[in-house]
Novice: 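Here's a structure for you.
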Amino acid sequence: MEKRHPVFRVPSWMPVYLPSLGAVLRAGGHTVDLFDAGVFPADGSEAAESGFRVKLAAFAPDAIVFDVEAESWGVFRRLANAARRHAGAALLLAGGRHATLCPGGTLKHCPEIDGVMVGEAEGTVSAIAGGDALAGIPGLALRMPDGSLNPAEVMGVTDLDSLPLPAWDLLDMGYYTRRTPRVIPCIPLKTASLESSRGCGAGCTFCAEGRAHSRCHRSHGAGHVVAAIEALVRAYGIEGVYFRDEDFLADTERVKELCNAMRETGLAERVAWSAQCRADRASPEVLGLLRPAGCVQLEFGVESGSQRVLDSISKGSTVEHNAAAIAAARNAGLRSLAYVMYGLPGETAEDISATYEFLERADPDVVRLNAFALYPGAPSVCALEEKGVLKDGWWAERESAPVSDGREFNVSAMGDAQLRAAAGRMYRRHVFRRFARDFAVYNGAADAARCFRPGAAFHFVKKVFR
């Protein structure tokens, strides 16, 4: 349940978790509906709750599955409470990233929930809908009579091509396929989100997304991916695809087959696409295949320009891997996006200066700068809990996962003012300038009015001059 952005009018990534579960349930003969709190404005929680109650009354569900993210924990709790009050007989289940990372905490701090589906839930939800005894279903964590948690391992789908295409029609596709410069930054396209593979073998300790799936990397076949894109083009007129894979380049042979299929079907000329990948997999040979297949941008989790910090978060790559990947993307005719964090545990002024200098040297086309997010259950956060930096239940009453931005939850080695000043300097130099330049290149004045909410200029100015 991702809230609409307070600055942008246009959508970001489409949800993928619930549409996939919905398609599996439909294939099993069940009737499915979906309520998407993400289509309500960021300050529209009352409207979301009202709409949810209307949906419950109209549909009268036997079971309700919530896609729970730490960023929308407060919204989830209110909707779960509404579900228990207005659909009291329904089985209430939590799934998704936060529930997978923190199943015990989810059950403890949201007593309305009956169980947590851990990891990839297609098989779990099918077994539940089929009437199997709950206590024996793989991937389902339950409260036991003595108050303990029945543990569940993260489940993985072995053959991804056995899954039906996601039930996109359950979403507000008029909203999600609006032309947007947010998904492939600054390039206005009608863009859909897809998973062409699942799993990431890396062990980055800050990551929430990489632990929502089994770590074993598995891919859809090229034919399945092409069929999904063609279906989206026919039904919704999409012009772009964002691959939400955790490690798009993990299987070189699969990438080659997909690129060949994109060219052979003509999709390379009709659909632009972008993907995220690990920098240490970005070889010039593989990247050379992507642009002719329609790829316009690759996204790299750079995180930091300090090798000490990369090692501390078990990134498994080096500063030079990151620089080489950005250079290889540029040489292959691809735009590069660098995800960068600040406020990481123990980060010093010297570390953040190294990140600033790295961006100066590597010069990616786009920089997305985010404060370190404290995701409950992530190893980095668990370590802070073990050290006593975070107290028991520190997140339970919050609206969303806090960030280490130099305010309440600064876990860096810098003072609050010093951290905010360093982040502001990086935002001015490496985020805002690139964004303003590219937006002007690909968009006009009318697009600015279409894309941004009133007050957006104040938001940017506040970040630039903090």
Novice: Go through the structure and list residues passing salt bridge (Lys or Arg N to Asp or Glu O under 4.0 Å) with Asp114, not counting sequence neighbours.
Specialist: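 If we apply the salt bridge (Lys or Arg N to Asp or Glu O under 4.0 Å) test to Asp114, skipping adjacent residues, the hits are Arg84.
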
Novice: Val286: which residues meet the side chain to side chain contact (heavy atoms under 4.5 Å, CB included) condition with it, sequence neighbours left out?
Specialist: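 Listed in chain order: Leu249, Thr252, Val255, Ser283.
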
Novice: If the condition is ring pair (Phe, Tyr, Trp, His ring centres under 6.0 Å), which residues does Phe206 pass it with, not counting sequence neighbours?
Specialist: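 So Phe206 forms no ring pair (Phe, Tyr, Trp, His ring centres under 6.0 Å) with any residue.
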
Novice: Tell me every residue that passes salt bridge (Lys or Arg N to Asp or Glu O under 4.0 Å) with Glu299, counting only those two or more places apart in sequence or in another chain.
Specialist: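 Partners of Glu299 under the salt bridge (Lys or Arg N to Asp or Glu O under 4.0 Å) test: none.
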
Novice: Who pairs with Tyr17 by ring pair (Phe, Tyr, Trp, His ring centres under 6.0 Å), at least two apart in sequence or on another chain?
Specialist: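 For Tyr17 there are no ring pair (Phe, Tyr, Trp, His ring centres under 6.0 Å) partners, ignoring immediate neighbours.
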
Novice: Could you work out, with ring pair (Phe, Tyr, Trp, His ring centres under 6.0 Å) as the rule, every residue matching His321, not counting sequence neighbours?
Specialist: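 His321: no ring pair (Phe, Tyr, Trp, His ring centres under 6.0 Å) contacts found.
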
Novice: Ring pair (Phe, Tyr, Trp, His ring centres under 6.0 Å): which pairs involve residues 251-270, sequence neighbours left out?
Specialist: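 Qualifying pairs: none.
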
Novice: Tell me every residue that passes salt bridge (Lys or Arg N to Asp or Glu O under 4.0 Å) with Asp132, counting only those two or more places apart in sequence or in another chain.
Specialist: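 Counting only residues at least two positions away or on another chain, Asp132 forms no salt bridge (Lys or Arg N to Asp or Glu O under 4.0 Å).
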
Novice: For His220, check ring pair (Phe, Tyr, Trp, His ring centres under 6.0 Å) against everything at least two apart and list the hits.
Specialist: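 Once residues adjacent in sequence are excluded, the partners of His220 under the ring pair (Phe, Tyr, Trp, His ring centres under 6.0 Å) criterion are His224.
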
Novice: Quick one: list whatever passes salt bridge (Lys or Arg N to Asp or Glu O under 4.0 Å) with Arg368, sequence neighbours left out.
Specialist: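 Testing Arg368 for salt bridge (Lys or Arg N to Asp or Glu O under 4.0 Å), a comparison that skips the adjacent residues, returns none.
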
Novice: List the residues meeting side chain to side chain donor-acceptor pair (under 3.5 Å) with Ser317, not counting sequence neighbours, and say none if there are none.
Specialist: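 Not a single residue meets the side chain to side chain donor-acceptor pair (under 3.5 Å) criterion with Ser317.
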
Novice: Who are the side chain to side chain contact (heavy atoms under 4.5 Å, CB included) partners of Thr265, not counting sequence neighbours?
Specialist: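 Partners of Thr265 under the side chain to side chain contact (heavy atoms under 4.5 Å, CB included) test: Val226, Glu230, Leu267.
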
